[in-house]
Amino acid sequence: MTTTDLSTQEVQAPITQMESEEAQRYYSASQFQLIWWRFRKHRLARTGALILLTMALVGLFAEFVGPYSGITRVSEAVLVAPQAPQFCNDDGCSLRPFLPGITSERNTETLRMETKIDPSVRRDIYFFVEGEEYKLLGMFKMNTHLFGVEEGSIHLLGTDSLGRDIFSRTLLATRTSLSIGIIGVIIAFVLALVIGGVAGYFGGGLDYAIQRLTEIVRVIPVIPLYMGLAAAFPKEWSSTQVYFAMTLVLALVGWPTLARRIRGKLLSLRGEDYVIAASLAGAGPSRIIGRHLLPAFMSYIIVDLVISFPFMLLSETALSFVGLGLRPPTVSWGVLLQDAQTVRAIEQAPWLFIPALFVIVAVLSFTVLGDGLRDAADPYQVSG
Amino acid sequence: MAKTKEMTNNNLLEVKDLKISFKTDEGIITAVDGIKFSVKRGQTLGIVGESGSGKSVSTWSIMRLLPKNSIIDKKSSIKFQQKSGKVVEITKFKSNSRELREIRGGEVALIFQEPMSSFSPVYTIGNQIMEAVLQHRDVTKEEAQEIAIDMLDRVGISNPAQRFKQYPFELSGGMRQRAMIAVALSMNPSLLIADEPTTSLDVTIQAQILELMNELQEELGMSIIFITHNLGVIAQVADEIEVMYLGKILERGTTNDIIHEPQHPYTQALLKAIPRLDTIGERLTAISGDIPSPLSRPIGCPFYTRCEKVMPGICDVKMPEPTQLSDTHTVYCFLYEEKNV
Amino acid sequence: MSDTLLEIKDLKVYFPIRRKNLFSGVTQYVKAVDGVSFHIEKGETLGLVGESGSGKTTVGRSILRAIEPTAGKVTFNVDGETIDLSTLLDKELRVFRKNMQLIFQDPYSSLNPRMTVRDIIAEPIVAQKLAKGDEVDERVREAAALCKLNLEFLRRFPHAFSGGQRQRIGIARALVSRPQFIVCDESVSALDVSIQAEILNLLMDLQKEFGFTFLFIAHDLSVVAHISKRVAVMYLGQLVELAPTEDLFYTPKHPYTEALMSAIPEVDPNQEMNPVNLSGEIPSPINPPSGCRFHTRCPYVQDICKTDEPKWEEIEEKHFVTCHFANTLTLKGAKMPPSVDAA
């Protein structure tokens, strides 16, 4: 080796080992690729993501997937138990699924309407049947439903005391509850990002003031706050107004925790050598934030978002359940569960609890998805 | 393989065919690959190596202090002579067995680089030394306290009775390292493993700690395995030196052999690469290239990718057998193998 | 002096310690750097050594204004102009940064893992819009080639590289804006011996070719000795000695320098180490000792050292020292190489 010869031969250090294609791919993989590769290995989280995706899609196209609208009453089918499609009855079997017929009559002693299964009647289930008219996504007028019966009615998850189809109503509720969660989380996040970001980036007295404010908001007991805020909704508000007011309430309670996390992360990032390197390279605040802080932050933001979802869902459900949140005719999981508050419901119509299963599945899915994302979010821990 | 129960040559520890691998996401990584070494009573064995050489892993295995995903190969053997004279095979012990605890407690002690993390922050230094004494010696609390204070005094901590009551964060780095040595010595071990004990210390403090360790060894007659990347440090403390690279031993000899008559091209290059005060202004001779990742360990001699004297077709085919240059000096290199044959 | 690139005068960096509670109004200061003056000549390497807590890193960072100095003046002679760094406004400072760069200690944390090597190296010229379009790539390739990086690497992310290669990337980033002055803050201490030698050689080669000026900060005296033309020794926020490398190492004038030198372990087992025993520990920089700051640990301490602060004096040509007895003490330096002995 010659000493000062920097010219040509020595310039390119050889790529020392034979590098496999896989290694090459790994070396030039960006952050999101690395995260994705690690996330893919997490089976539970993938399942969670799949479930949530299905729920979101079904919620979005609730009117199409469900055979009825949320307010349709079928008077001859009150408190019908869930019906499972069958392929066989006493008459033999067929490839087309069908349901037994339902008849209802008044009980002469209790004077209540009672429904009875009539196995002799066979109601075939058809796909893409025409039924009630609705607007898909609020825009396209349609009357095709995914499935249905030509005569009588179909209630996969049963009906409530007014004869409304629980399956259809649960799908609509899924849309309401998920969307309220999403909007709530987004509002909380924007608040947290701005407030926490300002505190973390600028530090000093501003940070001190914001910290104290955050603490004050955090020490207010959540339940009375909810109740107070929700009780303040004027009765004459439309369901849309209540809906947006709810998202605001949820966001106002949710932001301090997130803001703290963002501030802490920013503070630690600001001291990173590479951030100092950027400022020494002459980069201004916008470049430092945009190129260095935010990208380092993205993965945490996503994880935090996902993890704060269950809180939003549960809050909405709880509030609506006790009657402080959304109100009928809006349907959400919490509103549906209001019907299941009485002992009579538990005794006579346990299927009214079915929406609770959706809540549980959604919350669990968000939790495992968040877990998987968190594990994958920092791909540089291992690979160094 | 000798089946006698006695150790040869006044050895305290004999390690043979030691192979340690780790299961990771990326596959199985072999950190130590079939090495052999021994430690004589009352002597200091120095192990030098750069990052990834396996110097720490090979010695932590003596106490079986390896992470859960490690695999010690079945053929590996670590023989240790206990104070009672019994020779035990450490690789055969079950983890958490009584025998293993005996080894860790009273026979082999470990000090390492970061003295802060080796102490619990919520107990005083004295408390933690007492704890160690109480576990390994049959004494009362009062006696244990006396021993602990005496230990602190012996490792050169001034005002030991007062320091006894202090918490780890109240001590400086050098003091903490002394206290860690005190804990290690309070169990009266026959083998002390020192893993880069001075690396995070300033030179003036480092010199003091090295001096202390030399004194204590003379006084207590224990054996030491001293692990470092610093050839200057090792030259000052070791009787014998082993040079490791990527999980293999490349050269072994007395300190004089290694420092004054290095034979392996790696040892030679390493010595030339250190800046020294008596060669100010001279250009350093660097070793070209990078240390290969343990994931893509070269076949054959691990150093051939960077060796100036590499012989293609020989070095990159298989690991050379040891060549005995003298009673004390062994080198693993094909340059010398013919002389042996 | 006409060929002075950088002049540092009475630099002070104090860090306030937060008040323990709302009511006690007393603020104490950690005097990390407490009155340091020196200059750096164009094209030379000035070494700065000291133990942990001596304030050497703070000196380097405050010269670059990565940390705002509390007091003092840093002037920079560039293109015939004298610029007082401490008076530059944020915007002007950002523009001026192309003239000075920092090479970090830790090659892992100093590269943004989310940017490609190309973007990392390009940052100084892109952030200041010093080049546009193809010129950026051209200059990045040029800097990478100077640091002996394979151009194939530019597409990759830092996680593909080992410590030595990452440090080369860091050096390339420092070179790309063609700065005059580069601070190397412990830039080789995290590297393995065999890699360290290569990086040192690289830095020396680059200096020879392009005439960079380095402030080389390290705790390892042998490394500093190798790369520097002059060396400054720091203790507790102040300089205690500054001299041309060979003078400092072979004929030190300050007891602390002697102690540091004697503590370096010799790579020769026959050469007994004989470290000067410094009593005690480095005192706290919150309340530094009165008089000479080293008096609490100095083996040659006299009464005067405890009360009077020694002056920063040039006792031989270019040999500065802060000690009352610099001229009377006979101190032991490093062993001279045979050739110097003969001469």
Side-chain angles (χ1 to χ4, degrees), chain A residues 1-17 19 23-35 204 208 268-269 271-288 290-299 378-384, chain C residues 61 64-66 90-91 93-98 100-102 104-116 119-120 122-128 130 144-153 155-161 165 168 170 173-174 176-177 183 201-202 204-206 208-209:
Chain A
M1 223 201 308
T2 52
T3 50
T4 50
D5 180 21
L6 289 175
S7 48
T8 44
Q9 315 111 21
E10 265 270 45
V11 157
Q12 291 218 353
I15 298 181
T16 41
Q17 296 116 36
E19 284 168 344
Q24 296 258 23
R25 215 160 59 96
Y26 171 68
Y27 291 152
S28 43
S30 70
Q31 180 194 11
F32 278 97
Q33 273 169 308
L34 290 177
I35 292 181
Y208 188 85
S268 74
L269 273 178
E272 286 278 330
D273 272 357
Y274 67 82
V275 178
I276 297 173
S279 74
L280 286 178
S286 59
R287 189 180 160 84
I288 290 179
R291 288 286 300 199
H292 297 277
L293 297 181
L294 272 184
F297 222 79
M298 279 312 271
S299 48
D378 202 355
Y380 305 108
Q381 273 171 349
V382 193
S383 44
Chain C
R61 303 237 166 154
L64 299 177
R65 276 185 66 187
D90 270 6
K91 244 190 188 159
L93 181 66
R94 247 181 269 145
V95 175
F96 188 76
R97 289 212 177 276
K98 65 171 185 283
M100 48 186 200
Q101 283 294 335
L102 176 69
F104 286 82
Q105 168 173 13
D106 183 351
Y108 287 87
S109 65
S110 59
L111 307 181
N112 186 342
R114 290 157 191 91
M115 285 163 80
T116 59
D119 288 349
I120 289 171
E123 179 131 54
I125 47 177
V126 174
Q128 276 309 308
L130 300 174
L146 283 176
C147 298
K148 299 184 186 166
L149 283 168
N150 193 307
L151 297 185
E152 190 55 30
F153 291 169
R155 302 187 287 116
R156 299 187 178 177
F157 288 84
H159 64 254
F161 301 99
Q165 282 168 324
R168 287 166 191 277
R173 168 174 62 191
V176 77
S177 66
V183 176
N201 284 344
L202 174 68
M204 286 160 90
D205 291 341
L206 289 169
K208 244 183 226 168
E209 180 131 335

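Both backbone and side-chain heavy atoms feed into the values below; hydrogens, waters and symmetry mates do not. Each chain gets a letter, A, B and so on, in the order its sequence line appears, and its residues count up from 1. Everything quoted here is computed from the prediction, not taken from an experiment.
- If you measure heavy-atom distances from C:S177 to chain A, you find no contacts under 4.5 Å at all.
- Annotation: maximal heavy-atom pairing with chain A below 4.5 Å, among C:M100, C:M204, C:M115, C:R155, occurs at C:M115.
- For C:R94, there are no salt bridge (Lys or Arg N to Asp or Glu O under 4.0 Å) partners two or more places apart in sequence or in a different chain.
- Between A:L280 and C:A66, the closest heavy-atom pair is CD2-CB, 3.9 Å.
- No side-chain donor-acceptor contact under 3.5 Å links C:R114 to the backbone of A:R291.
- C:L111 touches chain A through its backbone: at least one of N, CA, C or O sits under 4.5 Å from a heavy atom, while the side chain does not.
- For chain C, the option among A:A278, A:A277, A:G284 with the highest count of heavy-atom pairs below 4.5 Å is A:A277.
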Requested in this report: Let me see the working for C:Q105 and A:D273 under side-chain contact (heavy atoms from CB on, under 4.5 Å), right down to the final yes or no.
Outcome: CA-CA 9 Å; C:Q105 168 173 13; A:D273 272 357; 5.9 Å; no
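- Across A:Y274 and C:S110, no two heavy atoms sit closer than the pair CB-O, 3.4 Å.
- Nearest heavy-atom pair across A:A283 and C:E123 is CB-OE2, 4.4 Å.
- Counting heavy-atom pairs closer than 4.5 Å to chain A, the top-ranked of the candidates C:T116, C:N112, C:V95 is C:N112.
- Contacts of C:R61 with chain A are made by side-chain atoms alone, with heavy-atom separations under 4.5 Å and no backbone atom involved.
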